[in-house]
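Side chains included, hydrogens not; waters and symmetry mates left out as well; all remaining heavy atoms used. To find a chain, count down the sequence lines: A is the first, B the second, and so on, and within it residues start at 1.
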Amino acid sequence: MKTGPLSGFPEWLPEQRIVEQALLDTLRRQFELFGFAPIETRAVEPLEVLTQKGATDKEIYVLSRLHADEGEGDKGLGLHFDLTVPFARYVAQHRGKLAFPFKRYQIQKVWRGERPQKGRYREFYQADIDVIGQETLSIQHDADMVRVLHSVMGALPVGAVTIHINNRKVLEGIYRALGVEDVVPVLRTVDKLDKIGPEKVREELAELGLAPGAIDTVLAAGEIRGADEGVVEAIRALGVSHPILDEGLDELGFVLRACADLPAGSVVADLHIARGLDYYTGTVYEGLLDDEPGLGAVCSGGRYDNLAAMGGKAKLPGVGVSIGISRLLGQAFAQDSLVASRQTPTCVLVALDNDERRAAAQVAASALRARGIACEVFDRPQKYGKQIKYADSKGIPFVWFCGDAGAADTVKDIRSGEQVEATADTWQPPAEDLHPRVLRR
RNA sequence: GUGGGUGUAGCUCAGUUGGUUAGAGCGCCGGUUUGUGGUACCGGAUGUCGUGGGUUCAAGUCCCAUCUCCCACCCCA
């Protein structure tokens, strides 16, 4: 059998999966604290849903049966490449049973058939929250997204994250005022300011047919950043005007005011953040690690007005963000900055004295488990040294010895070597040893 | 899809201008230690040298093809 890694399909060791699960638990708790309801959608969607207008042209993994009968025809199913498109389909489908504004969180694997590289995988977790309204959705939700992101990212052991926000209408208004017909290519180019620098961006804009004067304004706008409403004034000072620009500035100003109480530096308006996805219509978000900006966005999202208008006339505007939990983990594992305190849930290894005493060992183990203490009984009566070594190799903190012939049981903390008498019905490990912990270093 | 790199033990790697039976460290297993680990010492196992072809008396080493993985572009979490 052929073994070996598949590029872009990461598999973690138990101690890494423990970290991953801990972070997923944190996300779930945080999302629920903000009132988002859980859903899960199927892993596959009809290709026509995945490739609908507004979706990205991601490379989609198509599903087919190995021994499909001749003439069975292609059912046209593909694995989802994000959670927003399936969610839009879900909302349109269950519209009658949902209460709006509908807030949901969804933590699932997604698949993209792209070339993998650092921070980018073909199979990875996305953790999404979205709010979706009927006909309209309050701008308040745009601001709330920043608040949730700030809270969630702060709860993850990944260091400081700066959330960059912008509003597509602001950029679109400016570009239209400058006479640009097709704004999306300009947005994509400006989005690369950080990466390739203003001179390269200038060249690319010129290739798109922008006049030198217009390019100056586009670049000047792209350079604007700030944490408060000063950015709105700075944009007005560019001297362009357009109805869409006014709308965008109102929204951006609202979001900045609504987030004014968050700690300084956590949120910044950044006028070159555009996001490549073409379905965003208003506020856009992009979170970067302060320590590792080169990793790319670790959370991102935006407002969309049309995406969920699937199969009906009703308009379902929404706003949502996605957290790149796999990207964060890949980075953390690569630099060994997140580790589990042990590589198994087991808190106590019950040593096996001899074959006659298996029953006694099981009784002790059951008593511990009944009180929520994870334990396992060693499988054969080897020398105690071997059994302790097994516990040590997995990071199991305690070894339990059943007392012989009426003697008391004892439990040994193998880190300190301390061994004390104990009763399986009452003994309690320190709270920090009950479950594996995530350690940051 | 485009470009560049890579491939030898479970892991990290060495292997001379082609030349006997392919090595080291770590890890693993056993022992010193007749049930209480981590250190130390002693011993042991492990390879289709990515794969297929070719050149040669002789290929891990040279040539061709192919695959894999890594990095960058595109785009994105």
Exercise for the section: Quick one: label A:Gln387 by what it contacts on the DNA or RNA (base, sugar-phosphate, nothing), any heavy atom closer than 4.0 Å. Expected result: nothing

Exercise for the section: Return the value, rounded to whole Å, for the distance between atom NZ of A:Lys386 and atom C1' of B:rU33. Expected result: 10 Å

Exercise for the section: Report which part of the nucleic acid A:Gly296 touches: base, sugar-phosphate, or nothing (heavy-atom distance under 4.0 Å, all strands). Expected result: nothing

Problem - Gap between atoms CD and P, on A:Glu59 and B:rU2 respectively (whole Å) - result: 12 Å

Handout entry: Sugar-phosphate only, base, or nothing, as touched by A:Tyr125 at under 4.0 Å among non-hydrogen atoms
Key = nothing

Anything under 3.5 Å between a protein N or O and an N or O of nucleotides 4-10 of chain B, put it in a table, one pair a line.
none

Handout entry: Cationic tip of A:Arg303 above A:Tyr279 ring, under 6.0 Å, 45° of axis
Key = no

Exercise for the section: To the nearest Å, give me how far apart OH (A:Tyr121) and P (B:rC69) are. Expected result: 15 Å

Practice task
Write down the distance between CZ (A:Arg415) and C1' (B:rU36), rounded to a whole number of angstrom.
Solution key: 17 Å

Practice task
May I ask you to check whether A:Thr41 and A:Gln106 show a side-chain donor-acceptor distance below 3.5 Å?
Solution key: yes

Completion exercise
Base-pair string, RNA chain B, Watson-Crick plus G-U, cut-off 3.5 Å on both distances, | for inter-strand, is (((((.(..((((.....[...)))).(((((.......))))).....(((((..]....)))))).)))))....

Exercise for the section: Taking the side chain as every heavy atom from C-beta outward, state whether A:Val146 and A:Tyr285 have any atom pair closer than 4.5 Å. Expected result: yes

Handout entry: Nearest-neighbour nucleotide for the A:Arg327 side chain, B:rC76, B:rU2, B:rU32 considered
Key = B:rC76

